[in-house]
Amino acid sequence: MTIPPLADPGRRLMVESGLASTHEPVDVTLVETLLEQRYRLRGRLERLATEKDDTFRLTTGSGDHLVKVSPPGEDESVVDLQTAAMRFLEDIAPELPVQRVRLTVDGNDSVALGGARILRVFGFVNGPVWAGADRDARQLAAAGEMLGRVDVALAGFAHPADGRGLAWDLKHFHHLTGLVTHTPDAGHRRLAGDVSRLFGEFVVPRLNGLETQVIHGDYSPYNVVVDPHGEPFVTGVIDFGDTVRSALIFDPAVPMANLLGRGQENPWQDACAFLRGYERVRPVEDSELALVPVAALARLTLRALITNWRAQRVPQRRDYLLAHAKDDWTNVEQALAVPLDEVVSQLR
């Protein structure tokens, strides 16, 4: 199948985000050799399904580790940004359950592979991810509060690469509308158009004036480890691969997007419960609150659009990609059915 190219700046964003390259699996033997030589780690490597990089669970006699090899085309400075954000949080807010970076025997954060790829090792956070847990209002608020604490801590962080181009960064959403041509269903294209119009009307005119800082960027239910029956509810915050400097409201918009619809009578109830927890520690400016639901809708739509595009480009990851986005259009439709002013009233 021939995949039509995206027009600039959409194509540039996809390239800078590491989403435009076809997948080239890393040599497992090379990974094992580097782990032993540079980390003194030996054990069983289990490949894990991911969006774009090569990720493994390393099981050793003394504990487990997460091993990541950056995807082809991802700039070294971007990888360093992700690592630096995690190290910053470990230093400034050690009480936060952020995944830890393991150093090599030489005291380095990473190891360079051939082909401009970078290997890093992290502590493995045991437990179920939030996506598989039942979610009551208290737990939703607890998850929101944790992201608020992360954002408060990250407010003082800066890095030379934090202005990276990232397709997942919602400030670029209006530049990626061309992705809709890869969505075969006419009803889905109509929904994407409705969300794009809302974003263009409410968010785009305000983009330059929104409060900004470095954000996690992907606090999704798959990047939050929880204890469903204990306290605290959130026991791990993982995957800083989408760390970027952007509008602060775009950070809670990511998990809120994952909480929309889901066949509930009130499609926004879980998203509102999450934001209530977030605002306990990191209040949203009143003038920006009305933009949050539009940003959440845009994020959910963006995931569906990018998924369709990437499933055609990288067929070997098609099942993983589509599994994460299988209900997105249904949830967009349910959430759009609620008038925006009513949603804002719920958020207030």
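All figures in this text were calculated on a predicted structure; none of them were measured in a lab.
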Colleague: Check whether Arg149 reaches the backbone of Val281 with its side chain - one donor and one acceptor, N or O, closer than 3.5 Å.
Modeller: no
Colleague: Any side-chain heavy atom of Leu260 sitting closer than 4.5 Å to one from Asp270?
Modeller: no
Colleague: Got a sec: does the CD of Glu76 have more than 12 other heavy atoms crowding it under 6.0 Å?
Modeller: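 At most 12 heavy atoms, drawn from other residues, nucleotides or ligands, come within 6.0 Å of this atom.
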Colleague: Can you tell me how far apart OG (Ser110) and CD1 (Ile118) are? Round to the nearest 0.5 Å.
Modeller: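 If I round to the nearest 0.5 Å, the distance is 5.0 Å.
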Colleague: Given the rule in the side-chain contact (heavy atoms from CB on, under 4.5 Å) test, do Val195 and Leu191 qualify, once you have shown the distances and angles that lead to the verdict?
Modeller: CA-CA 6 Å; Val195 174; Leu191 291 171; 5.7 Å; no
Colleague: Consider only side-chain N and O atoms of Ser246 and Asp169, and report whether a donor and an acceptor are under 3.5 Å apart.
Modeller: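 Yes, side-chain donor-acceptor contact under 3.5 Å.
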Colleague: Let me check something: do Val28 and Leu113 share a hydrophobic cluster, defined by ILVMFWY side-chain heavy atoms less than 4.5 Å apart, either directly or through other members?
Modeller: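 Looking at the clustering, Leu113 is in the same group as Val28.
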Colleague: Within the 4.5 Å heavy-atom criterion, are Leu289 and Leu275 side-chain neighbours or not?
Modeller: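 The answer is yes, as the side chains (C-beta and beyond) meet within the 4.5 Å cut-off.
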Colleague: Do Ile249 and Glu285 pass the side-chain contact (heavy atoms from CB on, under 4.5 Å) test, and can you show the C-alpha distance, the side-chain angles, and the key distance before you say yes or no?
Modeller: CA-CA 9 Å; Ile249 60 169; Glu285 293 288 339; over 6 Å; no
Colleague: Distance check, rounded to the nearest 0.5 Å: Tyr222 atom OH versus Asp239 atom CG?
Modeller: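 Nearest 0.5 Å value for the OH-CG distance: 13.5 Å.
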Colleague: In the structure I gave you, are the side-chain heavy atoms of Pro97 and Met146 within less than 4.5 Å of one another anywhere?
Modeller: yes
Colleague: Using atom types as modelled and distance alone, determine if a side-chain donor or acceptor of Gln139 lies under 3.5 Å from a backbone N or O of Pro228.
Modeller: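 Flag set: sc Gln139 to bb Pro228 pair under 3.5 Å.
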Colleague: Report yes or no: is the cationic atom of Arg57 (NZ for Lys, CZ for Arg) under 6.0 Å from the centre of the six-membered ring of Phe124, at an angle within 45° of the ring normal?
Modeller: yes
Colleague: So which heavy atom on Pro25 is nearest to which on Asp54, and how close?
Modeller: CA-OD1, 3.7 Å
Colleague: List the steps, then state whether side-chain contact (heavy atoms from CB on, under 4.5 Å) holds for Val224 with Val129.
Modeller: CA-CA 6 Å; Val224 180; Val129 293; over 6 Å; no
Colleague: Is a donor from one side chain sitting under 3.5 angstrom from an acceptor on the other, for Asp53 and Thr55?
Modeller: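 Thr55 and Asp53 do have a side-chain donor-acceptor pair below 3.5 Å.
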Colleague: Does a side-chain heavy-atom distance below 4.5 Å link Glu288 with Arg206?
Modeller: yes
Colleague: Would you mind reporting whether Val237 and Asn223 have side-chain heavy atoms less than 4.5 Å apart?
Modeller: no
Colleague: Within a radius of less than 6.0 Å around CG of Asp106, do more than 12 heavy atoms belonging to other residues, nucleotides or ligands occur?
Modeller: yes
Colleague: Would you check if the side chain of Arg42 reaches a backbone N or O of Glu36 as a donor-acceptor pair within less than 3.5 Å?
Modeller: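 Checked: no pair found.
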Colleague: For Thr183 and Leu305, indicate whether the former's side chain and the latter's backbone hold a donor-acceptor pair under 3.5 Å.
Modeller: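 Checking the backbone N and O of Leu305 against the side chain of Thr183, no donor-acceptor pair under 3.5 Å is found.
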Colleague: Judged by atom type as modelled, is there a donor-acceptor pair below 3.5 Å linking the side chain of Asp327 to the main-chain atoms of Thr330?
Modeller: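 Judged by distance alone, no pair lies under 3.5 Å.
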Colleague: Look only at the side chain of Asp227 and the backbone of Phe233, and say whether a donor-acceptor pair between them is shorter than 3.5 Å.
Modeller: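 No, because the side chain of Asp227 does not come within donor-acceptor range (under 3.5 Å) of the backbone of Phe233.
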Colleague: Checking side-chain polar atoms at under 3.5 Å, does Gln334 have a donor or acceptor matched by the opposite partner on Arg262?
Modeller: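 Their side chains do not contain a donor-acceptor pair, so the 3.5 Å distance test is not met.
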Colleague: Kindly compute the distance separating CD1 (Ile306) from CG (Leu302), expressed to the nearest 0.5 Å.
Modeller: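 Answer rounded to 0.5 Å: 4.0 Å.
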Colleague: Looking at side-chain heavy atoms only, is the closest gap between Lys171 and Phe250 below 4.5 Å?
Modeller: yes
Colleague: Any donor-acceptor pair under 3.5 Å linking the side chain of Arg348 with the backbone of Ala290?
Modeller: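 No.
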Colleague: State the NE2-OH distance between His65 and Tyr39, to the nearest 0.5 angstrom.
Modeller: 10.5 Å
Colleague: Taking the side chain as C-beta and beyond, is there a heavy-atom pair between Val121 and Leu66 under 4.5 Å?
Modeller: no
Colleague: Can you confirm whether Arg102 sits close enough to Arg120 that some side-chain heavy atom of one is under 4.5 Å from a side-chain heavy atom of the other?
Modeller: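 No, their side chains stay 4.5 Å or more apart.
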Colleague: What is the minimum heavy-atom distance between Val98 and Leu89, and which atoms define it?
Modeller: CG2-CD1, 3.9 Å
Colleague: What's the spacing between Leu170 CG and Leu291 CG if we round to 0.5 Å?
Modeller: 11.5 Å
Colleague: Looking at Val254, is its backbone amide N or carbonyl O close enough to the side chain of Asn258 to form a donor-acceptor pair, meaning the two atoms are under 3.5 Å apart?
Modeller: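 Yes: the side chain of Asn258 pairs with the backbone of Val254.
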Colleague: Output yes when Asp218 and Arg299 qualify as a salt bridge under the 4.0 Å nitrogen-oxygen rule, no when they do not.
Modeller: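 Result for this pair is yes, salt bridge flagged.
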Colleague: Under 3.5 Å, side chain of Glu74 to main-chain N/O of Val79, donor-acceptor pair present?
Modeller: no
Colleague: Quick one: do Trp168 and Leu248 end up in the same hydrophobic cluster if we chain Ile, Leu, Val, Met, Phe, Trp and Tyr together by side-chain heavy atoms under 4.5 Å apart?
Modeller: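 Both belong to a single hydrophobic cluster.
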Colleague: Evaluate the criterion salt bridge (charged side-chain N to carboxylate O under 4.0 Å, His left out) for residue pair Arg190 and Asp194; output intermediate values, then yes/no.
Modeller: CA-CA 6 Å; Arg190 176 185 57 79; Asp194 291 343; 3.5 Å; yes
Colleague: What about the rings of His216 and Phe240, do their centers lie closer together than 6.0 Å?
Modeller: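 For His216 and Phe240, the ring centres are under 6.0 Å apart.
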Colleague: Are Glu231 and Arg138 close enough, and set up right, to give a salt bridge (charged side-chain N to carboxylate O under 4.0 Å, His left out), and what steps lead you there?
Modeller: CA-CA 11 Å; Glu231 292 289 346; Arg138 180 188 60 81; 2.6 Å; yes
Colleague: With rounding to the nearest 0.5 angstrom, report the CG to CZ distance, Asn308 to Arg303.
Modeller: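 If I round to the nearest 0.5 Å, the distance is 12.0 Å.
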Colleague: If every non-hydrogen atom of Ala84 is compared with every non-hydrogen atom of His159, which pair is closest and at what distance?
Modeller: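 Answer, listing the atom of Ala84 first, then His159: CB-CD2, 3.8 Å.
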Colleague: Does the side chain of Asp251 come under 3.5 Å of the side chain of Tyr278 through a donor N or O and an acceptor N or O?
Modeller: no
Colleague: Do Thr83 and Asp109 have a side chain donor and acceptor closer than 3.5 Å?
Modeller: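 Looking only at side-chain atoms, Asp109 and Thr83 do not form any donor-acceptor pair under 3.5 Å.
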Colleague: Have Gln346 and Asn266 got a donor and an acceptor in their side chains that come within less than 3.5 Å?
Modeller: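 Yes, because at least one side-chain N or O of Gln346 sits under 3.5 Å from a partner of the opposite role on Asn266.
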Colleague: Any sub-3.5 Å donor-acceptor pair from Arg197's side-chain atoms to Ala192's backbone N or O?
Modeller: no
Colleague: Can you label the angle between the Trp309 ring and the His182 ring as parallel, tilted or perpendicular, going by 30° and 60°?
Modeller: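 Plane angle over 60°, so perpendicular.
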Colleague: Thr243 and Leu81: which non-hydrogen atoms are nearest, and at how many Å?
Modeller: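 Result for this residue pair: O-CD2, 3.4 Å.
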Colleague: What's the verdict on side-chain contact (heavy atoms from CB on, under 4.5 Å) for Arg117 and Leu119, showing C-alpha distance, side-chain angles and the deciding distance?
Modeller: CA-CA 7 Å; Arg117 304 186 72 176; Leu119 182 147; over 6 Å; no
